[in-house]
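What follows is a single structure, written as structure tokens, with notes after it.
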Amino acid sequence: VQGIATPAFSQSPAALRRLLSALAILEQREGKLNVGSLSAITAAQKLGGPIHALVAGSSIKGVAEEAAKVEGVEKIIAVENGAYDKGLPENYAPLLVENIKKGGYTHVIAGHTAFGKNLMPRVAALLDSQQISDITSIEDEKTFVRPIYAGNAIATVESSDAIKVITIRGTAFPAAPIGSGSAAIEDGVDPKADSPTEWVSEDLAKSDRPDLATAGRVVSGGRGLKSKEEFDRIMLPLADALGAAVGASRAAVDSGYADNSLQVGQTGKVVAPQLYMAVGISGAIQHLAGMKDSKVIAAINKDADAPIFQVADVGLVGDLFEKVPEITEKLSKA
Ligand code: FAD
């Protein structure tokens with residue numbers, strides 16, 4: 001799905017504007033907008049009605065101002081309260097519900113990220129709606145397309161709920177660009193709900209490399225790398241030569257070669273970069289579920305019958321310990 005499509009729905013655009021209104025939920029961390037969450041605005045644009053976006057947390061003024069520049073957004077609802085910084089669903093869900101009720105929205109859209117997956121089912125339950133998860137396309141205001149069975153089947157689902165609570169697959173909706181819009185910024189309702197959950201700490205893998213979920217190029221390593229030392233020695237220079245994010249198969253993560261946050265697949269991240277390079281990865285169906293929509297897939301594997309070659313656009317049969325350093329060297333010189 002590309003760009004801002006004119007919805008081909010049955011109602012006239014004017015009638016639609018009266019009927020529909022969408023709230024896109026934006027993510028922020030430490031006062032920085034998560035640009036990937038602007039995908040929720042792209043999805044909302046497909047509906048054709050007015051769009052508001054909500055952001056909550058401490059020091060969110062800059063985030064709200066940045067989001068206000070996205071074309072087509074009428075209003076930014078900002079709730080300045082540090083209690084929402086960590087996106088704890090226990091207090092974030094009542095916050096959303098109050099603002100949804102006040103705004104009378106028909107569609108509430110968030111990314112199918114850890115944040116969205118944690119939050120939106122609770123919002124849906126509080127609104128007595130059936131959540132619609134991980135959609136890849138909007139057919140009309142009540143009909144949505146979503147992959148099921150790890151992408152092996154595509155379901156078209158219809159919702160008759162008054163308020164549709166939706167999470168979207170980021171790879172199917174490009175983030176709305178920050179343009180020269182001038183949405184109004186308004187204080188939202190803050191129910192200041194008590195949360196029975198307390199934020200204790202987080203242990204995040206820090207990296208200067210591009211973010212895996214949004215990178216244009218991804219190089220992923222699998223069990224074929226044999227150890228963490230070899231994974232780092234082979235994969236990191238390749239990633240740097242390509243300016244790519246690093247990913248991994250579940251077998252590589254489970255074996256301790258790579259951090260959990262790097263897992264690509266059914267139970268990891270879903271990515272669709274311009275280039276996905278799979279190194280020493282067999283191509284199990286659960287791995288393919290996370291990367292098969294990549295524009296160009298390149299695979300290096302010593303087994304010519306490895307299933308990864310069935311989805312690869314470019315394949316190299318050979319020993320990765322020999323081939324990858326060769327490729328890295330050539331790329332570094334290029
Ligand atoms: P292997 O299957 O062991 O493949 C290693 C490959 O490396 C082989 O093809 C081998 O030929 C090649 N190789 C070995 N040495 C070399 C060498 N020197 N040079 C070149 N090639 C070499 N998996 C995921 O990745 N992501 C998920 O999200 C995920 N979710 C899952 C969810 C469920 C419910 C289940 C049941 C499984 C899930 N899996 C997931 C696991 C998945 O089924 C596979 O076990 C896993 O993807 C295998 O990882 P791999 O390809 O690295 O390892």
Side-chain angles (χ1 to χ4, degrees), residues 1-2 5 7 22-27 34-47 51 53-54 87 89 92-93 96 100 105-127 129-161 163-176 211-215 218 247 249-250 260-273 276 284-295 311:
V1 184
Q2 293 291 329
L23 180 66
I25 313 303
L26 302 183
E27 296 180 36
N34 174 345
V35 178
S37 68
L38 296 175
S39 291
I41 295 179
T42 306
Q45 285 165 339
K46 308 278 174 204
L47 292 162
I51 301 166
L54 181 140
Y92 216 116
L96 282 195
I100 292 163
Y105 303 105
T106 54
H107 295 72
V108 185
I109 307 174
H112 195 69
T113 55
F115 169 83
K117 285 190 266 187
N118 207 8
L119 172 66
M120 297 298 262
R122 191 176 279 258
V123 173
L126 290 170
L127 292 170
S129 282
Q130 168 102 28
Q131 197 204 309
I132 307 153
S133 293
D134 199 17
I135 66 162
T136 52
S137 169
I138 295 176
E139 300 292 288
D140 62 33
E141 74 281 7
K142 57 181 185 338
T143 316
F144 310 93
V145 176
R146 55 183 299 262
I148 55 172
Y149 303 124
N152 287 308
I154 304 295
T156 301
V157 296
E158 201 175 291
S159 166
S160 53
D161 285 329
I163 304 174
K164 291 162 185 61
V165 179
I166 300 166
T167 60
I168 56 153
R169 186 171 286 206
T171 53
F173 299 92
D211 173 47
L212 176 59
T214 52
V218 173
S249 71
R250 176 158 156 185
N260 199 282
S261 60
L262 303 187
Q263 185 175 316
V264 172
Q266 183 185 334
T267 40
K269 297 210 163 81
V270 177
V271 300
Y276 186 89
I285 190 92
Q286 296 89 355
H287 187 80
L288 301 187
M291 44 63 76
K292 66 177 165 34
D293 292 331
S294 304
K295 308 295 170 290
V311 295

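All residue numbers refer to positions in the sequence shown, counting from 1. All figures in this text were calculated on a predicted structure; none of them were measured in a lab.
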Q: Could you grab the distance from atom CE of Met120 to atom CG of Asp134, nearest 0.5 Å is fine?
A: 12.5 Å

(Q) Contact between His287 and Arg250 at the side-chain level, heavy atoms closer than 4.5 Å - yes or no? (A) no

(Q) Under a 3.5 Å distance rule, please check whether Ser294 uses its side chain to pair with a backbone N or O of Met291 as donor and acceptor. (A) yes

Q) What distance separates Glu141 CD from Lys46 NZ, expressed to the nearest 0.5 Å? A) 15.5 Å

**Q.** Spatial distance of atom CD1 (Ile100) from atom CG (Leu54) [nearest 0.5 Å]
**A.** 8.5 Å

(Q) Treating Thr143 as the side-chain partner and Glu158 as the backbone partner, does any N or O pair qualify as donor plus acceptor under 3.5 Å? (A) no

Q: Quick one: closest heavy-atom pair of Ala110 and Gly116, and the distance?
A: CB-CA, 4.5 Å

**Q.** Minimum heavy-atom distance between Gly36 and Asn34, given as atom pair plus value
**A.** N-OD1, 2.9 Å

Q: Under the side chain to side chain contact (heavy atoms under 4.5 Å, CB included) rule, what do Lys117 and Thr167 come out as? Steps first, then yes or no, please.
A: CA-CA 7 Å; Lys117 285 190 266 187; Thr167 60; 5.7 Å; no

(Q) If we count only N and O atoms by modelled type, under 3.5 Å, do the side chains of Thr156 and Glu139 hold a donor and an acceptor together? (A) no

Q: To the nearest 0.5 angstrom, please state how far the CD1 atom of Ile25 sits from the CD1 atom of Ile168.
A: 11.0 Å

Q. Do Ser129 side-chain atoms and Ile163 backbone N/O form a donor-acceptor pair below 3.5 Å?
A. yes

Q | Contacts of type side chain to side chain contact (heavy atoms under 4.5 Å, CB included), residue Gln266, not counting sequence neighbours | A | Ala150, Gln286, Ala289

Q.
Between Ser159 (side chain only) and Lys142 (backbone N and O only), is there a donor and an acceptor less than 3.5 Å apart?
A. no

Q. Taking only residues two or more places apart in sequence, or in another chain, which ones meet Thr214 in a side chain to side chain contact (heavy atoms under 4.5 Å, CB included)?
A. Asp211

Q | Straight-line distance of Thr171 OG1 to Lys269 NZ, nearest 0.5 Å | A | 13.5 Å

Q. If you look at every heavy atom in Gly170 and Ser39, which pair is closest and at what distance?
A. O-OG, 3.9 Å

Q. Do side-chain atoms of Arg169 reach the backbone of Thr136 as a donor and acceptor pair under 3.5 angstrom?
A. no

(Q) Using the side chain to side chain contact (heavy atoms under 4.5 Å, CB included) definition, which of the options Ile138, Leu38, Ile41 pairs with Phe173? (A) Ile138

Q: Quick one: pull up CG in Leu119 and CD in Gln131 and give me the separation to the nearest 0.5 Å.
A: 9.0 Å

Q) What residues form a ring-ring contact (aromatic ring centres under 6.0 Å, His included) with Tyr92, not counting sequence neighbours? A) Tyr84, Phe115

Q.
Is it the case that the side chain of Asp161 and the backbone of Gln130 share a donor-acceptor pair, with hydrogens and angles ignored and the cut-off at 3.5 Å?
A. yes

Q: Grab the two heavy atoms, one from Ala40 and one from Ile109, that are nearest each other, plus how far apart they are.
A: CB-O, 3.6 Å

